[in-house]
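See structure below.
All residue numbers in this chain count up from 1 along the given sequence.
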Amino acid sequence: MLNVPSQAFPAPNSQQRVSQSARNKVALKPGCSLMDWIRLTKSGKDLTGFRGRLIEVTEEELRKHNTRDDCWTCIRGMVYNVSPYMQFHPGGEDELLKAAGVDGTDLFDQVHRWVNYESMLKECLVGRMAAKPSTLIHGLYPSSPSTLLESNLPSSLLPPPTKDHCPRFDWFQTDVTVNITVYTKCKIPTSGITVVDLQGGTLRVEVFLGKLSYLLHLQLSHEVQEHLSVHTASAVGRVQVCMHKVSSGQWAKLGEPLESHDSFLHRKDCALFYRKCVLVSKTHVTHDTSVFHFQMPPGTVMQIPVGEHVYLKTTVKGNKVVKPYTPVDKILMPNSLESTEATADVFLMIKVYPDGVFTQHLCGLNIGDSLAISSPNGSFSLRPLHDITHLYLLAAGTGFTPMARLIRFTLHNVGNLRNTKLMFFNRQESDILWRSELDQLAEMEEKFEVKHVLSEPSDDWTGCRGRIDASLLMDFMSRPKESRCFVCICGPTPFTKLARGLVQQMGYCDEEIHTFLG
C-alpha cells in the first residue's frame, strides 16, 4: 500500500506542528539533555543487559518488563529496553510507561512518528519479537524470522513468510527530496544487501535477506535526478533510498505499482535483473588474468553481499552467452577499512583463456564498451561466521576471487576470530593472483596467514610443492581446543570435490564447510 502524504509537509494537523505544550513536554534534570543521551550511547556502556547480543522476545517475556526500572517496548517488531532512556525522554517517564511491556508502535506513531527512533535507541535494542508458534508448521520449520531467512533447508521446502515477518516500506518527502525506507524486521549485514535501479522513471529496489528477496517496483509519479543514495542501518534492519526531485514541490503519491511490487519471495523464484555497465579499465594481475573495472549506469546503486557472484551477459558470434563471476574489491586491503555503503563500480578478476570464447570477447572489449551485469546471486551466508574462531580457506587459481572479500570481512567484522588462513594452490609462481598484496597483508595482520602451494614450481622455488592432499591439510588445519572452525573451498570442480572430501575425512561436518561452485 502506498503512503499518500498531505500536500503540505508537515501536514497542518500533524504532530510535527503540534505545540510543545500539547506534547506535555517536561523539564529535564541537569545532565539529561539530548546531547547527554548521545554521549551515553557512545560511551560503550551496556544499555540492554545483554552486552550487544540480540535475542528473540516472546509476548510473554515482553509483558514481564513493564516497570520504570525494567521497561521494554516493541516498535515495528523490534524490542527496546527504554529504561536507561527514561530520564532523557522529553515527554516524561509516564509517556514511555504507557508502552511498557507491550507493542508501542501505534502509540509512537500517534505522538512522534517522524522521530528517528532506530538511531536514537539503537544501543537499547534487545532483539526482535519471536514468531508465534501458530504461524509456522511445528517441527518442520524454524520459529524465528532470522532462522527462516538463513535456514539451510532447501528454499522449495520453506513456507512463504508470514505477514508479520514480511518487510514493509514507507516514504516521506520534502519540497526537494523523496525518501523511501524499507524496514526488514531483522538485523542485516553491514556488507551490503541492496540493489537500486532507476531507469526512465521506473524505480526498482531489491533487498536481499538470506534466501529471500523483498522487491519494490514503481513507476514514479514525477521525475527525479539520476543520482541517488542508499543508507543502511544494519543493527535495526533499515534501508533508506534518497532521491532528489527534478522540480520542487509536493507529490500527491509516490507512483504506480508495477509487476511484483511489494513482494517477498524466495530468491530462486525471482528473475535476475540486468543493467548495462561500461568498461572503465583493465588492469593486468598476472600474465593471463586481469581486473575488469565496470561502472554502473547513473541510476544504479549495487551492494554485493560477501561471497555472492554476478552474471555477465552478452552476444558472441550471434550466440547469447551468460557466465558467473565473483566480484573483488579494488585492492585486497583498502586504506579505509569501513564497508562502503554503496558503489557504482564492480571489479571482476577474470582469467583469459586462449580458447575461451567468452573471456576472449571480454579481452577484446575497448574502454567505454558496455556489458550487461546481473544483480547479485549466490547461496553463501555470513551467519556461520559470526562466532567462529578459525577460518580456513582453500583456493585454486581464480577460485581465490570469493576469498578476497571474505578475508577482509572476517578480519574486521568477526570479533572472536583468532586466525584466517589461506592455502592457495597454483601451477607456477607467475600464476599467483595478488601475491604481493597477500604477503603484505600477512605481514600487517597477525590474524592472517597465507601458504602458497605450486604444482609445477621452478627449481628456485622454496615454498610448498605438490597438490592438495591429506598430509598438507593436516598440518594446515589444526583444531585447537574449544575452537569453532569454518572452511571455504573454491577452485576447478575436481579440486573442489577432492578438497571437500579430504576436509570431511578430517572430521569436519557439512555445517562447517562451504564450497563455492560455478
I'd like to check [X] versus [Y] (side-chain heavy atoms, cut-off strictly below 4.5 Å). Are they in contact?
X: Met243; Y: Leu220; answer: yes
X: Phe448; Y: Leu411; answer: yes
X: His514; Y: Ile489; answer: no
X: Leu203; Y: Val224; answer: no
X: Glu437; Y: Ile331; answer: no
X: Leu473; Y: Met423; answer: yes
X: Ile432; Y: Leu454; answer: yes
X: Leu215; Y: Leu265; answer: no

Ignoring hydrogens and geometry, is there a side-chain-to-backbone donor-acceptor pair from [X] to [Y] under 3.5 Å?
X: Glu456; Y: Gln428; value: no
X: His217; Y: His261; value: no
X: Lys421; Y: Phe476; value: yes
X: Thr496; Y: Gly491; value: yes
X: Lys185; Y: Cys166; value: yes
X: Gln360; Y: Tyr353; value: yes
X: Arg275; Y: Ile373; value: yes
X: Glu443; Y: Gln440; value: no
X: Ser381; Y: Arg383; value: yes

Measure the spacing between [atom1] of [X] and [atom2] of [Y] and express it to the nearest 0.5 Å.
X: Lys187; Y: Thr184; atom1: NZ; atom2: OG1; result: 11.5 Å
X: Ile193; Y: Leu382; atom1: CD1; atom2: CG; result: 11.0 Å
X: Arg465; Y: Ser455; atom1: CZ; atom2: OG; result: 11.0 Å
X: Phe425; Y: Leu472; atom1: CZ; atom2: CG; result: 5.5 Å
X: Trp434; Y: Leu441; atom1: CH2; atom2: CG; result: 11.0 Å
X: Asn419; Y: Ser483; atom1: CG; atom2: OG; result: 11.0 Å

Counting heavy atoms not belonging to [X], are there more than 12 under 6.0 Å from its [atom1]?
X: Gln219; atom1: CD; answer: yes
X: Lys447; atom1: NZ; answer: yes
X: Arg467; atom1: CZ; answer: no

Side chain to side chain contact (heavy atoms under 4.5 Å, CB included), that's the test. Do Leu385 and Val306 meet it? Break it down for me. CA-CA 12 Å; Leu385 303 182; Val306 172; over 6 Å; no
request  = Would you please test Phe292 and Leu371 for side chain to side chain contact (heavy atoms under 4.5 Å, CB included) and show each step?
outcome  = CA-CA 11 Å; Phe292 291 75; Leu371 195 69; over 6 Å; no
Could you go through residues 315-324 and list every donor-acceptor pair under 3.5 Å that involves a side-chain atom there, pairing it with any protein atom two or more places apart or in another chain?
none

Of Gln173, Gln225, His222, the one forming a side chain to side chain donor-acceptor pair (under 3.5 Å) with Lys245 is Gln173
task: Report the C-alpha separation of Ser375 and Asn377 in whole Å, then their side-chain angles, then the decisive distance to 0.1 Å, and conclude whether the side-chain hydrogen bond (donor to acceptor under 3.5 Å, both in side chains) test is met.
output: CA-CA 7 Å; Ser375 297; Asn377 193 263; over 6 Å; no
Would [X] and [Y] pass as an ion pair if we require N to O under 4.0 Å?
X: Glu449; Y: Lys451; value: no
X: Asp510; Y: Arg500; value: yes
X: Arg484; Y: Asp387; value: no

**Message:** Below 30° counts as parallel, above 60° as perpendicular, anything between as tilted: where do the rings of Tyr392 and Tyr508 land?
**Reply:** perpendicular
* Classify the ring geometry between Tyr311 and His309 as parallel (under 30°), tilted (30 to 60°) or perpendicular (over 60°). => perpendicular
message = Run the side chain to side chain contact (heavy atoms under 4.5 Å, CB included) test on Thr420 and Leu393 for me, step by step, so that the C-alpha distance in whole Å, both residues' side-chain angles and the decisive distance to 0.1 Å come before the verdict.
response = CA-CA 8 Å; Thr420 293; Leu393 309 174; 4.1 Å; yes
Exercise: identify the closest heavy-atom pair between [X] and [Y]:
X: Leu422; Y: Ala395; result: CD1-CB, 4.1 Å
X: Thr401; Y: Val328; result: O-CG1, 3.7 Å
X: Gln295; Y: Asp345; result: CG-OD1, 3.8 Å
X: Arg479; Y: Cys485; result: NE-SG, 4.1 Å
X: Leu417; Y: Leu391; result: CD1-N, 4.1 Å
X: Cys488; Y: Phe380; result: SG-CE1, 4.1 Å

For residues 276-285, please give each side-chain donor-acceptor pair under 3.5 Å, one per line with the distance, not counting sequence neighbours.
| residue | atom | partner | partner atom | Å |
| --- | --- | --- | --- | --- |
| Lys282 | NZ | Cys363 | O | 2.8 |
| Lys282 | NZ | Leu365 | O | 2.8 |
| His284 | ND1 | Ser290 | OG | 3.1 |

Next item on the list: Apply side chain to side chain contact (heavy atoms under 4.5 Å, CB included) to the pair Lys122 and Arg238, showing each step before the final yes or no.
Entry: CA-CA 11 Å; Lys122 65 181 180 180; Arg238 186 187 67 199; over 6 Å; no
Do [X] and [Y] get their side chains close enough for a donor-acceptor pair, meaning under 3.5 Å?
X: Asp197; Y: Thr300; result: yes
X: Asn413; Y: His386; result: no
X: Asn426; Y: His452; result: no

From the list Arg405, Lys211, Arg267, salt bridge (charged side-chain N to carboxylate O under 4.0 Å, His left out) with Glu308 holds only for Arg267
side-chain hydrogen bond (donor to acceptor under 3.5 Å, both in side chains) filter on Glu226, not counting sequence neighbours, yields none
